[in-house]
Amino acid sequence: MSEIKLQRVSKYIYEIPQQAGMNVPGTVFISEKLLKLISKDKTLQQVRNVACLPGILKASIVLSDAHQGYGFPIGGVAAFDLEKGIISPGGVGYDINCGVRLLRTNLAQTDVMTRRKEVAEALYRKIPSGVGRGSKLKLNRRDLDNVLERGAPHVVEMGYGCQEDYLHMEEEGCMQGADASAVSPRAKDRGIGQLGTLGAGNHFLEVQAIGEIYDTDVARVLGLSEGQIMLMIHCGSRGLGHQVASDYIKKMEHEYGIERLPDRELIYAPIKSQLGKDYLAAMAAAMNFAFANRQVITHWTREEMQYLFPDVTVDTIYDVCHNIAKFEEHTIDDQQKTVCVHRKGATRSFGPGRSEIPDSYRDIGQPVIIPGSMGTASYLLIGTRESEELTFGSCAHGAGRVISRRAALRSLRGEDVQKQLESRDIEVRAGSWRSIAEEAPEAYKDIDEVIEVMHELNISRKVARLTPISVVKG
DNA sequence: ATGTTC
């Protein structure tokens, strides 16, 4: 692998100039400190490889939380022309529609602090978590197909939550174009018992307090003030989405071969091809499973909070996707056109006025929700028109690992990590000591720095910083 | 991320 030439354009913007084989340049929106953390892995080579794909428009982009992923970098954005372009499962990620929901409560920090152990314990018991963990919700085959094609509104119809929930989600909780018949029986087998489960890894359910508000005007519209208790749900499409990704990677390798690719993990199908269309229909179905998953977890979380705090109200602020591909309108060379945007570990961050944003937020822009790692802050930001110009309307999505799971297990003990969090008044419940060690704050980048870069570039503006009180992990 | 090696 040849050395990657990186030119500094400004304090937080670097460019990989277009060279032989590349159809566009690479653009890296990052600080010097965060750039150093990815200098030894394949992130920048992956940015360059993506720039070589057919029909890519404007630039192969990574954001401040960039790190190496399967084929495409995580923290990456790539948009493709509908005629000449491609769709790639590696550009979406294995956890299709991994995403985050933020819920607002009417509780104050003081209501919860003294009961934080009880709250962590209760939520841990209520929401199934951990690898391979099943749900108490038993779906039949027909219900599952409805979930896959109709998403969150379908589970609301089944009694899990309210209309106000899905009206405050990307796509109003239902991705159009989903086709349950494009999802393999094996993927359905894996998913049927997993609706309403958190999963493992960096997925979590947290009770958080608003520590700081940066934008009082936006906070007022969203009904937020300092010291207020919020709930954050971070999870995806579980085994179902993982199986959809595996199935279509295999199908595409079989149909198109891997010989001419710079990296076999970049396997793709033309957007216009039958296989490309089939993947898009299956991906949309997996997206809907993830939307419905976060909706069911929202309902159970609301129930449990109402049991613990009888007068509590729990309202959905917004629900964002971090791993998706979508058809969207963007302006390229002063021409408006529909393109296929891959966001892999990236958050949509549309500015004010976009028709995709709920009416109540149309004037302020889209809420951008960015979870921190275990025991660290999370952020609420607001999308901007600048992001539409710079990054196809996309912002970073999280802290991103800085040492591997294996390295974390070598250097950290789960018991010590939990004690250390306890000393900072953070109560953690998880399925295993191992997952606590793997997810230790030390294993992740500095979320404050990741956010600062996005804020300084006006890709999204900071609204509020949220700090954890009770944490449920897989 | 993932029935953590179908």
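In what follows, chains carry the letters A, B, and so on, assigned in the order in which the sequence lines appear, proteins first and then strands, with residues in each chain numbered from 1.
Between A/His234 and A/Phe204, the ring centre distance stays below 6.0 Å. Outside the 6.0 Å centre-distance limit, the rings of A/Phe29 and A/Tyr12 are not counted as a close aromatic pair.
In this structure, the CZ atom of A/Arg401 is 14 Å from the C1' atom of B/dT2, given to the nearest Å. Whole-Å rounding puts the A/Lys250 NZ to B/dT2 P distance at 19 Å. Distance A/Tyr70 OH to B/dT4 P: 17 Å, rounded to the nearest Å. Here B/dC6 presents its P atom at 16 Å from CD of A/Glu253, a figure rounded to the nearest Å. Rounded to whole angstrom, the span from the CD atom of A/Gln194 across to the P atom of B/dT4 amounts to 12 Å. In this structure, OH of A/Tyr94 is placed 13 Å from C1' of B/dT4, rounded to the nearest angstrom. The distance from atom CD of A/Glu438 to atom C1' of B/dT4 is 9 Å, rounded to the nearest whole Å. Computed from coordinates, the A/Arg405 CZ to B/dT4 C1' distance equals 9 Å when rounded to whole Å.
Under the 3.5 Å distance criterion, with hydrogens and angles disregarded, a donor-acceptor pair is assigned to the side chains of A/His397 and A/Asp65. A donor-acceptor contact closer than 3.5 angstrom links the side chains of A/Arg101 and A/Gln295. Side-chain polar atoms of A/Gln243 and A/Asp247 form a donor-acceptor pair below 3.5 angstrom.
Among the protein residues, A/Arg186 comes within range of the nucleic acid bases, having at least one heavy atom under 4.0 Å from a base atom.
Taking the six-membered ring for Trp and thresholds of 30 and 60 degrees, A/Phe80 and A/His342 have ring planes more than 60 degrees apart, a perpendicular arrangement.
Near DNA chain B, meaning a heavy atom under 4.0 Å away, the residues from residues 230-246 of chain A are A/Arg238, A/Gly239, A/His242.
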